[in-house]
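In what follows, a structure is listed as structure tokens, so that the remarks can point back to it.
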Protein chains: 2
Amino acid sequence: MNIGEAASRSGVSAKMIRHYESIGLISATRRANGYRSYGPKDVAVLRFIRHARDLAFPLEDIRKLLALWQDRSRASGDVKRLALDHVAALEAKATSLQAVADSLRHLANHCQGDDRPDCPIIDELEGKIA
Amino acid sequence: MNIGEAASRSGVSAKMIRHYESIGLISATRRANGYRSYGPKDVAVLRFIRHARDLAFPLEDIRKLLALWQDRSRASGDVKRLALDHVAALEAKATSLQAVADSLRHLANHCQGDDRPDCPIIDELEGKIA
DNA sequence: GTTGACCCTCCCATGGTGGGAGGCCCCATC
DNA sequence: GATGGGGCCTCCCACCATGGGAGGGTCAAC
């Protein structure tokens, strides 16, 4: 099948399929006319990638996950370690964003939010407080 | 003062100061030799920007915040609205990241993590389950 | 008068994705 | 057999914010 059909079957855009090929994450055979040609296995790989992206794995992790997937003698411990490292990174980012949101919400709670100019948010940014 | 001193006094890198100027967020006067010249007010502006960045405001929001800051007749409601919108965006992202982390952690909890290849994480990515 | 620290501009990279231009290919329909 | 439309190709640009570095000018101190 051509790239368009592989895209719609896998849920990965044609644009991204070409990009993944350009960074060596996947490969494709070419027809005589230069068109990329894909089979069911390629679609399975693309779906794997999409699911991993849904779990926010960075592409470099996905590269390793693909290798582990295709390694019949893999140790599940390697997969788990990769996953837990990623979970830790996600949680660190989530926690950090939430902390920032909390402190800004705290500031906003003390802002009247009316027509007057006085505003603790501006004061904080200005450095009057912090 | 030159850009280097403005950078160290404000906590904004010289690189970023030049960038902020290039996108029209700030401006700078030039000396005869072409060097940018900054005064205390400029440093205050840079600090304002840095504090806003610490609160993860995007630069386009900061552009508006700077205008509000310098508008003596501003309505604090405008500032508050901007801030609360931003808080909502931050919380949405934090929640989404945490949700992804949770589901991946759940998968990892069911993975033995030993030397055997069987791994529910890989199964999920492969689409065997989902 | 040289050295070293600072400044200048311009380009490139990150990470993942989308948009679009310009051009080729293939099939169907007239 | 010609034409039209949709799909495919490559290559460049954009986002967002930041950092790195090359190649070259400037200034101060020694």
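All values below were derived from every heavy atom in this structure, side-chain atoms included, with hydrogens, water molecules and symmetry-related copies excluded. Below, chains carry the letters A, B, ... as their sequence lines are ordered, and counting in each starts from 1.
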Quick one: side chains of residues 55-65 of chain B, donor-acceptor pairs under 3.5 Å with protein atoms, not counting sequence neighbours, listed by atom name and distance.
unit_1   : atom_1 : unit_2   : atom_2 : d
Glu60(B) : OE1    : Arg63(B) : NE     : 3.0
Glu60(B) : OE2    : Arg63(B) : NE     : 3.4
Glu60(B) : OE2    : Arg63(B) : NH2    : 3.2
Arg63(B) : NH1    : Ile23(B) : O      : 3.4
Arg63(B) : NH1    : Gly24(B) : O      : 3.4
Arg63(B) : NH2    : Ile23(B) : O      : 3.1

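The side chain to side chain contact (heavy atoms under 4.5 Å, CB included) test applied to Asp42(B) returns Tyr38(B), not counting sequence neighbours.
Between the CD1 atom of Ile17(B) and the P atom of dC7(C) there is a distance of 9 Å, given to the nearest Å. As a whole-Å value, the separation of His19(A) NE2 from dG20(C) P is 19 Å. The separation between Arg50(B) atom CZ and dA17(D) atom P is 17 Å, rounded to whole Å. The separation between Arg31(B) atom CZ and dC6(C) atom P is 15 Å, rounded to whole Å.
With respect to Arg105(B) and Asp102(B), no salt bridge is recorded, no charged nitrogen being found less than 4.0 Å from a carboxylate O. With respect to the salt-bridge test (charged N to carboxylate O, under 4.0 angstrom), the residues Asp85(B) and Arg81(B) do not qualify.
The side chain of Tyr20(A) contributes no N or O atom lying less than 4.0 Å from OP1 or OP2 of dG16(C). Applying the 4.0 Å criterion to OP1 and OP2 of dT17(C), one finds that Ser13(A) has every side-chain N and O outside that range.
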Discussion item. One character per nucleotide, please: for nucleotides 1-16 of chain D, 5' to 3', B when the base has a protein heavy atom closer than 4.0 Å, S when only the sugar-phosphate does, - otherwise.
Written reply: ------BSSB------
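With Ser76(A) contributing its side chain and Arg116(B) its backbone, the two residues share a donor-acceptor pair below 3.5 Å. Using modelled atom types, no side-chain atom of His86(A) and backbone atom of Leu82(A) make a donor-acceptor pair closer than 3.5 Å.
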